[in-house]
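Heavy atoms only: backbone and side chains are in, while hydrogens, waters and symmetry mates are out.
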Amino acid sequence: MDCATLESAPLNQRCACEVVDILRLHESIRGAFPEFTTDPAVHAHLFSPYALFVDRPALEAMGRVAAAVFDVAGNPGYSQRVLQWAPDIATHDPGSAGGVLGLDFHLTVDGPRLIEVNTNPGGLLLNALLLDAVRSCAPPAWATWTNAAQARDAAVTAWMEDARQQSGRTPSRLAIVDSTPRAQFLYPEFVLYANAFRDHGVDCVISAPEDLSFGSDGLEDAHGRIDTVYNRLTDFALEDASHADIREAYLAGDVALMPHPRAHALFADKRNLAVLGDPALLGGFGVDAGSTALLGQVIPPTVELVPANRDALWAVRNGYFFKPAAGFGSRGSYRGDKLTRRTWASMASATYIAQAFAPPSMRIVHGGQSLKADVRCFASEAGVLLFAARLYQGQTTNMRTPGGGFAAVLTSSRIEE
């Protein structure tokens with residue numbers, strides 16, 4: 001087909017162009033970052049050679065949604081409402097919004113639909129690398145939203161500004177923290193972040209929580225004081241015993257923690273979607289009509305699964321997707337039409353939300369292979385940092401699909417261009 005068309009729908013259905021040379025991309029990464037290592041058995045499908053074509057108005061709408069979410073999170077009525085179901089540590093306000101969000105969207109015929117919000121979104125710097133590797137089959141008509149250098153700089157600036165808001169100073173020594181970091185699937189991104197922070201004059205280490213201790217001299221590792229933690233832990237309330245020192249340092253105001261537990265409580269608990277998507281409720285908090293209407297339109301109807309509505313939701317389960325309120329990475333999530341009674345019964349012991357099913361869009365690639373697609377909008381209070389796609393098969397974005405993985409988003413030119 002003629003891939004120079006200005007319409008995204010036929011491109012996503014028929015364009016089989018590989019716009020990224022994956023082997024060359026990995027070679028260029030290793031050349032620029034010698035310590036960057038990927039395991040071929042684990043990361044074979046980290047990047048997709050294909051792009052997802054998204055019309056610019058849809059991306060601009062996602063950017064407005066991100067801005068509205070940040071705005072609502074600062075509303076006292078909203079925060080009071082959602083903190084009712086948050087852990088106690090979320091009442092501690094360190095003075096910042098939380099850094100960078102990852103807002104996940106499905107593309108529908110009626111426009112983008114916001115599926116969930118993440119406060120420690122993976123993939124930002126990895127997707128930045130993709131941008132400069134794109135060799136589009138239609139360069140005059142379609143392009144990336146930004147470039148790699150701009151996205152990388154914007155990401156680090158956003159995190160550093162969040163730390164500055166908390167501590168009143170620029171970070172001097174920062175630890176990227178996760179459990180057994182070298183075993184994490186996205187460990188290569190930790191390396192990219194460490195290099196990026198160092199390029200901005202910040203000493204940076206990659207650590208397990210057990211490497212850090214809190215005492216009279218503050219939070220330290222074996223080589224000295226840590227004043228900022230880039231938190232990649234999925235223990236969002238820092239409840240695990242191995243995270244006690246980070247928790248104490250954070251509550252004592254000794255360390256800037258990004259993102260912090262309050263940010264997760266305000267943005268990422270999936271029960272919040274029921275509040276964010278209710279125009280009447282937000283209007284009662286004093287949120288402006290434009291934001292309430294926008295969020296009400298893009299967020300699929302969402303309710304918390306409680307004893308009073310379990311029978312009713314079971315009866316109409318085929319139209320819903322069920323997710324644990326504090327879950328991540330699609331773990332413990334179920335499509336209603338795939339649920340068994342045994343699984344349904346086991347869900348009663350956890351906190352779940354039911355979200356009206358908004359199916360992901362489809363990307364047809366070489367050989368007629370059909371891949372599901374979603375779009376992640378990385379944004380800070382300052383605005384959109386990057387748009388990225390994930391192409392996959394099955395129920396979740398597990399980065400195991402041949403031809404799938406993180407994919408570049410190509411969009412139509414601005415009108416003034």
Side-chain angles (χ1 to χ4, degrees), residues 3-15 17 19 48 50-71 100-118 121 123-124 127-128 130-131 134 136-147 150-151 154 273 276-277 290-301 355-365 370-380 383-392 397 406-417:
C3 290
T5 177
L6 293 175
E7 299 180 23
S8 61
L11 284 171
N12 286 326
Q13 294 299 307
R14 299 195 294 272
C15 179
C17 297
V19 303
S48 172
Y50 306 104
L52 185 70
F53 298 90
V54 185
D55 295 323
R56 183 170 291 272
L59 295 184
E60 291 172 343
M62 296 179 206
R64 290 193 296 272
V65 171
V69 169
F70 273 108
D71 180 57
V100 176
L101 299 182
L103 297 94
D104 292 342
F105 292 88
H106 286 178
L107 303 176
T108 76
V109 294
D110 297 316
R113 293 294 179 262
L114 178 62
I115 304 305
E116 64 183 58
V117 180
N118 302 280
L124 201 170
N127 280 288
L130 268 178
L131 299 180
V134 170
S136 175
C137 51
W142 296 89
T144 58
W145 178 272
T146 184
N147 62 47
Q150 290 174 344
L273 293 169
L276 288 169
S291 293
T292 61
L294 175 63
L295 294 174
Q297 176 186 6
V298 303
I299 297 175
Q355 184 180 77
F357 186 54
S361 58
M362 303 303 295
R363 178 70 169 94
I364 311 301
V365 296
S370 179
L371 302 175
K372 297 176 182 177
D374 65 17
V375 176
R376 174 164 284 184
C377 170
F378 294 94
S380 71
V384 172
L385 310 178
L386 178 93
F387 290 102
R390 296 179 295 182
L391 304 181
Y392 61 100
T397 52
F406 289 129
V409 169
L410 299 186
T411 191
S412 45
S413 300
R414 293 184 176 90
I415 294 176
E416 63 267 22
E417 294 175 349

Could you report the tightest heavy-atom contact between [X] and [Y], atom names first, then the distance?
X: K372; Y: M362; result: CG-SD, 3.9 Å
X: L295; Y: L276; result: CB-O, 3.3 Å
X: A373; Y: L391; result: CB-CD2, 3.6 Å
X: P112; Y: A58; result: CG-O, 4.0 Å
X: A151; Y: L385; result: CB-O, 4.0 Å
X: A389; Y: V409; result: N-CG2, 3.6 Å

In Å, rounded to the nearest 0.5 Å, how long is the span from [atom1] of [X] to [atom2] of [Y]?
X: L124; Y: L101; atom1: CG; atom2: CG; answer: 11.0 Å
X: D110; Y: Q297; atom1: CG; atom2: CD; answer: 8.5 Å
X: L52; Y: S361; atom1: CG; atom2: OG; answer: 5.5 Å
X: N127; Y: R376; atom1: CG; atom2: CZ; answer: 9.0 Å
X: F387; Y: T146; atom1: CZ; atom2: OG1; answer: 10.5 Å
X: S370; Y: I364; atom1: OG; atom2: CD1; answer: 3.5 Å

Next item on the list: Assess the side chains of S412 and D55: does a donor N or O sit below 3.5 Å from an acceptor N or O?
Entry: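 Note: S412 and D55 side chains miss the donor-acceptor criterion.
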Can you find a heavy atom in the side chain of [X] that is under 4.5 Å from one in the side chain of [Y]?
X: L131; Y: W145; answer: no
X: Q355; Y: L273; answer: yes
X: V100; Y: P121; answer: yes
X: Y392; Y: P360; answer: yes
X: L107; Y: M62; answer: yes
X: H106; Y: P359; answer: no
X: F378; Y: V384; answer: no
X: L410; Y: V54; answer: no

Distance-only, no hydrogens or angles: does the [X] side chain make a donor-acceptor pair with backbone N or O of [Y] under 3.5 Å?
X: T144; Y: N147; answer: no
X: R363; Y: A51; answer: yes
X: N118; Y: G102; answer: yes

Item checked: From CA spacing to verdict: side-chain contact (heavy atoms from CB on, under 4.5 Å), S8, W142 -> CA-CA 10 Å; S8 61; W142 296 89; 3.8 Å; yes
Item checked: F105 vs D374, side-chain contact (heavy atoms from CB on, under 4.5 Å): CA-CA, chis, key distance, verdict -> CA-CA 6 Å; F105 292 88; D374 65 17; over 6 Å; no
